[in-house]
Amino acid sequence: MKTTLLLLSIFLISCSEKERKCQDFKTGTFEFTQEIEGKKQTSTFTRTEKLQIETFNGKTDTASVRWVNDCEFILQKLHPKTMNEKKAISMTILATDKNSYTFEYSFVGDAKKQRGVVTKK
């Protein structure tokens, strides 16, 4: 009886875990919308295996992309203008859907993480 309950529990837990197809989002053109000071702001970016070029509020920035594994990567701005821009950003894809993914991000080494959703165009 105990073995049956254990196997049933393991089966239910494994079925509830959402499949991540991170490979589908390694490259392409994407859109990210977030609320900043009560206003929705949208940035558009194109990512290749090694670069991400983002346009936000009419300004374009380029960052290097270093994949840690299939679902995690590090962004590092190529031409930072401030000390804050010099900090690398750790990105983790948590879940994927047909044309979007949910991710968590933070400065490398920072415990404070934020989440967002990116849509593939």
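No cation-pi contact links R66 to F73, judged by a cut-off of 6.0 Å to the six-membered ring centre and 45° from its axis.
Sequence neighbours left out, not one pair with a member in residues 86-121 passes disulfide bond (SG atoms under 2.5 Å apart). Legend: disulfide bond (SG atoms under 2.5 Å apart) pairs involving residues 50-101, not counting sequence neighbours, sorted by first then second residue: C22-C71. Residue pairs satisfying the salt bridge (charged side-chain N to carboxylate O under 4.0 Å, His left out) criterion with at least one member in residues 51-61, sequence neighbours excluded, are listed as follows: D61-K77.
Side-chain contact check for F45 versus V118: some heavy-atom pair is nearer than 4.5 Å. The closest side-chain heavy-atom distance from V108 to K87 is not below 4.5 Å. The shortest side-chain heavy-atom distance between L75 and V65 falls under the 4.5 Å cut-off. Counting heavy atoms from C-beta on, the side chains of I74 and V68 come closer than 4.5 Å.
When all heavy atoms of K98 and F25 are compared, the closest pair comes out as O-CZ, 4.1 Å. Scanning both residues, E85 and K81, for their nearest heavy atoms gives OE1-N, 2.7 Å. Heavy-atom minimum distance, Q76 versus K86: NE2-O, 2.6 Å.
Every residue two or more places apart in sequence or in another chain that forms a side-chain contact (heavy atoms from CB on, under 4.5 Å) with Q41 is listed here: I36, K39, F56, N57. Applying the salt bridge (charged side-chain N to carboxylate O under 4.0 Å, His left out) test to K120 and every residue at least two apart in sequence or in another chain returns nothing. Every side-chain hydrogen bond (donor to acceptor under 3.5 Å, both in side chains) that T42 has, sequence neighbours left out, goes to T33. Under the ring-ring contact (aromatic ring centres under 6.0 Å, His included) criterion, F32 pairs with F103, not counting sequence neighbours. Residues passing the salt bridge (charged side-chain N to carboxylate O under 4.0 Å, His left out) test with D70 are K26, sequence neighbours excluded. Scanning for side-chain contact (heavy atoms from CB on, under 4.5 Å) contacts around S100 gives D97, V117, T119, with sequence neighbours left out. In this structure L78 satisfies the side-chain contact (heavy atoms from CB on, under 4.5 Å) test together with L51, T62, S64, sequence neighbours excluded. In terms of the salt bridge (charged side-chain N to carboxylate O under 4.0 Å, His left out) criterion, E72 has no residue partners (sequence neighbours excluded). In this structure T29 satisfies the side-chain contact (heavy atoms from CB on, under 4.5 Å) test together with T44, T46, K121, sequence neighbours excluded.
One finds the OH atom of Y105 at 11.5 Å from the CG atom of D110 (value rounded to the nearest 0.5 Å). Atoms CZ and CD, from R115 and E104 in turn, are 5.0 Å apart once rounded to the nearest 0.5 Å.
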Full working for side-chain contact (heavy atoms from CB on, under 4.5 Å) between T60 and I53: CA-CA 7 Å; T60 301; I53 302 166; 3.6 Å; yes
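Remark: the backbone N or O of G58 is not paired with any side-chain donor or acceptor of T55 at under 3.5 angstrom. Judged purely by atom type and a 3.5 angstrom limit, R20 has no side-chain atom pairing as donor or acceptor with the backbone of Y101.
Around NZ of K21, the count of heavy atoms belonging to other residues, nucleotides or ligands within 6.0 Å does not exceed 12.
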